[in-house]
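A short write-up of the structure that comes next.
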Amino acid sequence: MADEFGKNCTICENETLGRYVKATEVIPAGETILLESPILILACKGDKRCCNCYRIAQQYCRKCSIAPLCLDCAEHNDEFDCNVLAAAGAVSLPDVRVDILKKHFDTYGLLQCLLLHENLRTRKAFGKMLQMEAHLEKRRNTKIWHEHDRDIVQPLLQSNIWKGFEMAPNINGDFLQKILAIWDVNSHEIRAPDAEIMRGLYPQVSLLAHNCCPNANQAIDDQYRMKVYANREIGRGEVVTNSYTNLLLGTDERRQILREGKYFHCTCDRCEDPTELGSHMSSFICSACAGHKQESYIVKDRESQTWKCQKCEHTLRPEQVAIILEKSKEEMFHAHGDYRRLEYLLAKLCTILHKNHYLVVDLKQEMANILRNAILSSRRPNRQLFERKIRLCQDLVLLLQIIQPGMTRLKGIALYEMATSHVKLQHLKFEENEMEEDDLKKRLKECLAMYRESIRMLSHEPPQTPEGQLLKNVAKEFDVLQKEVENGAQSEGDK
Ligand SMILES: C[S@@+](CC[C@H](N)C(=O)[O-])C[C@H]1O[C@@H](n2cnc3c(N)ncnc32)[C@H](O)[C@@H]1O
């Protein structure tokens, strides 16, 4: 597959979205839409990474003395870049201040962007980068503008290195701000070799519009290629969308991230629905209705922007909402890592917040992780651990069915966690003579279905990534269980 969209997609443009991608024919669930390599990978602000292998850098290239390198890489792999930097830095321009570049090492990423233009081999990629959305005027004189100016733009200009570049006449503060803006609006997070984050620029992938209930997902392989695939069937004429934000947040939080980082107000179906498609990920429990033994939720009315009960006249003022959220976050911070406190806090928060509220979901995910580790480290974990973990994973799966009904990585992981605990729990019950062999077989068959679904959800994960490794384990466990079901169930002790 090439770095371009195939004939099932076309690039369109309108006033709201700018350029976007639309399906020209039905794209079946699971079908790969695009496989693209990045035109450039950069370290995140504040990180100094080796320009060859992206590990943390501890030295500079011996030849150009500007490119950061790790201890295992002695020289800059990119001979062209190295020669340009060496020539500009040491020979032809004696007023170049390499010391400024080293002191303000975030300048190196911007320098790499400019080098795309200097090299004829990558000049086309530079052109594609400049076509991307920058929202320059919306950013002018904002906090991020001033930060970039202080830490990157002015130091790079003062270093004089650019004066040796072919495009020197075009280089000024605004031009450099535009490149930085393009990276902020369009780049994708990539897992670095140390499992931290770095950024890649994928010109085709970045054309996809955002949706909080997207129809396409992406997965990055060990060569940093990004695969985009349909997570559910995409209809002919439908906009192909991915997500620019964490989908396990509430509407106000997602919208704030999109407004501040991507400069648009999201009006997708999920954002426009006060119940978030019935998931209630931002809803509060109405205390007035609860007092009358009725179940109802306080949601944010989209027109009046007030928090109102869906059944009675009860409301919450924005300050009250902010206080509840802040206090809940503070309590979660203090309970972090302590399972008993988390369990107690969950019970407390569930009297105020909907059971799917994003803070409750966050709490449940942490609890499920702790239980997972407790089960793994225990020689004979007790039934309650399995039962509790299964319930927590089940809650997450049910929620994901609403907000991400197609294939999702997280659903694949949660289904696997649920299945693996279920298998162990059923074996324990069988050993304790709580069920007959036929019953065990029936339950294990249900687990097989969960494994199958988990495998389907994770099927696009590249083999070398942690998710790809997980997929292998899920497949192995699935095979073992299938054999067990075919050959007659065994108890844990028989194995
Ligand atoms: C990564 S770019 C997408 C490509 C861009 N439309 C272009 O023409 O280059 C992100 C920008 O696209 C626009 N955009 C993407 N999704 C949108 C949405 N759901 N609603 C409004 N604007 C959106 C916003 O301007 C956003 O900053």
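Heavy-atom basis, side chains included; hydrogens, waters and symmetry copies ignored. One-based numbering, in listed order, for ligands and for the atoms of each.
Of the charged side-chain nitrogens involved, at least one lies within less than 4.0 Å of a carboxylate oxygen, so that Lys300 and Asp252 count as a salt-bridged pair. With respect to the salt-bridge test (charged N to carboxylate O, under 4.0 angstrom), the residues Asp184 and Arg199 qualify. Salt-bridge check for Glu196 with Lys48: failed, with every basic side-chain N at 4.0 Å or more from each acidic carboxylate O. Using a cutoff of 4.0 Å between basic side-chain nitrogens and carboxylate oxygens, Glu276 and Arg254 are scored as salt-bridged. Using a 4.0 Å cut-off between charged side-chain N and carboxylate O, Asp194 and Arg49 make a salt bridge. A salt bridge between Arg140 and Glu137 is present, with a side-chain N of the basic residue lying under 4.0 Å from a carboxylate O of the acidic one.
In this structure, Cys266 does not count as a contact residue of ligand 1, since none of its heavy atoms falls inside 4.0 Å of the ligand.
The shortest N/O to N/O separation between Leu17 and ligand 1 falls below 3.5 Å. At least one N/O-N/O distance between Arg19 and ligand 1 falls below 3.5 Å. Considering both main-chain and side-chain atoms, Gln131 never comes within under 3.5 Å of ligand 1 through any nitrogen or oxygen pair. Residue His135 has at least one nitrogen or oxygen atom sitting less than 3.5 Å from a nitrogen or oxygen atom of ligand 1, judged on distance alone. The N/O atoms of Asn186, backbone and side chain alike, include none that comes under 3.5 Å of an N/O atom in ligand 1.
Distance alone, capped at 3.5 Å, places no donor-acceptor pair between the Lys329 side chain and the Leu359 backbone. Listed for the Asn217 side chain is a donor-acceptor partner under 3.5 Å among the backbone atoms of Met407. The backbone N or O of Thr241 lies less than 3.5 Å from a partner atom in the side chain of Asn215, making a donor-acceptor pair.
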Verdict with reasoning, His460 to Thr32, per side chain to side chain contact (heavy atoms under 4.5 Å, CB included): CA-CA 9 Å; His460 279 278; Thr32 300; 3.6 Å; yes
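Contact annotation: for Tyr263 versus ligand 1, there are no heavy atoms closer than 4.0 Å. The backbone and the side chain of Val185 each have at least one atom closer than 4.0 Å to an atom of ligand 1 (non-hydrogen atoms only).
Atoms of ligand 1 lying under 4.0 Å from at least one heavy atom of Ala209, given by number and element, are 15 (C), 16 (N). Residue Ser206 approaches ligand 1 through these ligand atoms, each under 4.0 Å from one of its heavy atoms: 1 (C), 2 (S), 3 (C), 4 (C). Proximity to Thr16 (heavy-atom distance under 4.0 Å) selects the following atoms of ligand 1: 21 (C), 22 (N). Atoms of ligand 1 found under 4.0 Å from any heavy atom of Gly18 (numbered from 1 in listed order, with element): 6 (N), 8 (O).
Protein heavy atom nearest atom 19 (N) of ligand 1, with residue, atom name and distance: His210 O, 3.0 Å. Counting protein heavy atoms only, atom 15 (C) of ligand 1 is closest to Tyr244 OH, 3.2 Å. In this structure, atom 21 (C) of ligand 1 lies nearest to the protein heavy atom Phe264 CD1, 3.3 Å.
Closest heavy-atom approach to atom 26 (C) of ligand 1 among the candidates His265, Glu13, Glu133, Lys262: Lys262.
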